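Quantities reported herein were computed from a predicted structural model and do not represent experimental measurements.
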Amino acid sequence: MRVVSQKVGAWIAKLGWVWVDGQVAQISRRPGASTVFLTLRDPSADLSLTVTTNRDVLDAGAPELREGARVVLHAKPEFYAARGTLSLRADEIRQVGLGELLARLEKLKKLLAAEGLFDRARKRRLPFLPGRIGLITGRASAAERDVLTNARRRWPAVEFRTVNVAVQGPSAVPQIVDALKVLDADPSIDVIIIARGGGGIEDLLPFSDEALCRAVFGCRTPVVSAIGHETDAPLIDYVADVRASTPTDAAKRVVPDLTEEVRLIGQARHRLERAVRNLVDRETHRLDGLRSRPVLARPQVMVEHRATELAALRQRAGRCLEHRLAAADDDLRHTLARLRALSPAATLDRGYAIVQRADGHVVRAAADVAKGDPLRVRLADGELAATVDG
């Protein structure tokens, strides 16, 4: 072990001086001691290192340094073999100013936007009436009181699962991330609210942390950001599914107003009843109109009209038949008259006779018979037998 520790220490001793950026988690100033101990934390990872420096170096670079501040320090890594710990020895410390903080936040904002964390297309709609709401906020804070009071005033039956965390300082980000994981894994939670009251940019700095933004982006449950006041805009506001201007506004966005919903239901029922009445009245008028038509008011009228038409048609048919029979009778009489005029009987009636030989042939010329031939003479009334003399 000693050999390994010596080799690790020798390798670290070869490292040069480096610039380190981090957040001060703890400051230890011992009265009368010239050495100051700092615990420097990486805001984007659960990692911290001990930093030792001279009191004069701290007073020269950051005399008002407090826990939670962001610093940039020039330090050299050191390995303490007896304990197997790594630390930094700083010879220069600079507290990061507000302008530099804003510049870094703007750079991080552009990076996250380029990766699609702010894309509106991926933002989910909040449920109309969540069965249970997850709340991440400070313990006994005004933000917690505002959310719970306003939500229960709007919908008394609403349920909450509250997780109290640190909302500023070096431990805020890991606690909020852990709370997000717990609530997101709870199947009874329909929406998560992250709430904090107002404060300065440095106080709200944890809510612009890259690790927290990515944790919110990875949640399967819709997340509502209610950080600070209307003018405050930490990066979590752009990643969350819904951004509320205040914790009170978050309660109004997540929970519907029972009184308003009852009023809207009453209006909807009134509109529905009016629409049904109008439909029934319209159909009643239409039925009355149909019933008032003659064909339904006096159905026999249609039969009477058809009977009248049938009688008229029968009369026309009778007249046509009589006319055609009369015409046919006239034609028949004329034909009979012509037949009678042309018949042999009519000729006989005028005094003519028909002479036939014994074989029945009609004699048309004297040469058709010879002397002594018997003849048969047909008259209009009867017939005579004769013999040819010459």
Quiz item: Between Leu111 and Val216, is there a shared hydrophobic cluster once you connect ILVMFWY residues whose side-chain heavy atoms come closer than 4.5 Å?
Solution: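 Linked within one cluster.
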
Practice problem: Identify whether Val182 and Val177 are in the same connected component of the hydrophobic contact network (ILVMFWY, side-chain heavy atoms under 4.5 Å). | Solution: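 No.
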
Side chain proximity check, [X] to [Y], heavy atoms < 4.5 angstrom:
X: Leu264; Y: Glu261; value: yes
X: Arg30; Y: Phe37; value: yes
X: Leu65; Y: Ile27; value: yes
X: Lys76; Y: Asp91; value: no
X: Leu279; Y: Glu283; value: yes
X: Arg271; Y: Arg274; value: yes
X: Thr85; Y: Thr50; value: no
X: Arg153; Y: Asn150; value: yes

Quiz prompt | salt_bridge(Arg253, Asp249) N-O dist < 4.0 Å | solution =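 Yes, Arg253 and Asp249 are salt-bridged.
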
Quiz item: Do Arg263 and Glu260 sit within salt-bridge range, that is, some charged N less than 4.0 Å from a carboxylate O?
Solution: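 So Arg263 pairs with Glu260 through a salt bridge.
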
Hey, is the main chain of [Y] close enough, under 3.5 Å, to the side chain of [X] for a donor-acceptor pair?
X: Asp184; Y: Arg220; result: yes
X: His334; Y: Asp330; result: yes
X: Gln175; Y: Val165; result: no

For [X], all residues meeting salt bridge (charged side-chain N to carboxylate O under 4.0 Å, His left out), sequence neighbours excluded:
X: Arg139; value: none
X: Arg124; value: Asp241
X: Arg132; value: Asp186

Exercise. State whether the number of non-hydrogen atoms from other residues, nucleotides or ligands found under 6.0 Å of Lys123 atom NZ is greater than 12.
Key: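 Yes - once you tally the heavy atoms of other residues, nucleotides and ligands closer than 6.0 Å, there are more than 12.
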
Practice problem: Go through Ile93 and Leu38 one step at a time and tell me if the side chain to side chain contact (heavy atoms under 4.5 Å, CB included) criterion holds. | Solution: CA-CA 11 Å; Ile93 298 178; Leu38 306 176; 3.9 Å; yes

Practice problem: Using ring-ring contact (aromatic ring centres under 6.0 Å, His included) as the criterion, list what pairs up with Phe118, not counting sequence neighbours. | Solution: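 Applying ring-ring contact (aromatic ring centres under 6.0 Å, His included) to Phe118 gives Tyr238.
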
Self-check item: Partners passing ring-ring contact (aromatic ring centres under 6.0 Å, His included) against Trp11 (at least two apart in sequence or in another chain)
Solution: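 For Trp11, no residue satisfies ring-ring contact (aromatic ring centres under 6.0 Å, His included) once neighbours in sequence are set aside.
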
Looking at every non-hydrogen atom in both residues, tell me the closest pair between [X] and [Y] and how far apart they are.
X: Leu117; Y: Arg122; result: O-NH1, 3.7 Å
X: Val167; Y: Ala195; result: CG1-O, 4.4 Å
X: Pro174; Y: Arg41; result: CD-NH2, 3.0 Å
X: Val239; Y: Cys213; result: CG1-O, 3.4 Å
X: Ile194; Y: Phe207; result: CG2-CE2, 3.9 Å
X: Leu86; Y: Pro77; result: CD1-CB, 4.2 Å

Approximate separation, where rounding is to 0.5 Å, of [X] [atom1] and [Y] [atom2]:
X: Arg376; Y: Arg357; atom1: CZ; atom2: CZ; result: 14.0 Å
X: Leu325; Y: Cys320; atom1: CG; atom2: SG; result: 11.0 Å
X: Thr308; Y: Leu313; atom1: OG1; atom2: CG; result: 10.5 Å
X: Leu40; Y: Ser87; atom1: CG; atom2: OG; result: 12.0 Å
X: Ser171; Y: Gln23; atom1: OG; atom2: CD; result: 9.0 Å
X: Arg196; Y: His229; atom1: CZ; atom2: NE2; result: 9.0 Å

Quiz item: Hey, mind stepping through Val51 and Thr39 against side chain to side chain contact (heavy atoms under 4.5 Å, CB included) and telling me if it holds?
Solution: CA-CA 6 Å; Val51 180; Thr39 300; over 6 Å; no

Self-check item: Test log, rule side chain to side chain contact (heavy atoms under 4.5 Å, CB included), inputs Val20 and Leu49
Solution: CA-CA 11 Å; Val20 180; Leu49 284 175; over 6 Å; no

Exercise. Please state whether the rings of Trp17 and His74 are parallel, tilted or perpendicular, taking 30° and 60° as the class boundaries.
Key: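 Rings of Trp17 and His74: parallel, as their planes differ by under 30°.
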
Exercise. Using the side chain to side chain contact (heavy atoms under 4.5 Å, CB included) rule, take Ser208 and Leu108 through it: C-alpha gap first, then chi angles, then the decisive distance, then the call.
Key: CA-CA 9 Å; Ser208 294; Leu108 178 59; 5.7 Å; no

Quiz item: With a cutoff of under 4.5 Å between side-chain heavy atoms, which Ile, Leu, Val, Met, Phe, Trp and Tyr residues group with Leu126?
Solution: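 Direct or chained contacts put Leu126 with Phe128, Leu129, Ile133, Leu135, Val147, Leu148, Trp155, Val158, Phe160, Val191, Ile193, Val224, Val242, Val254, Val255, Leu258, Val262.
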
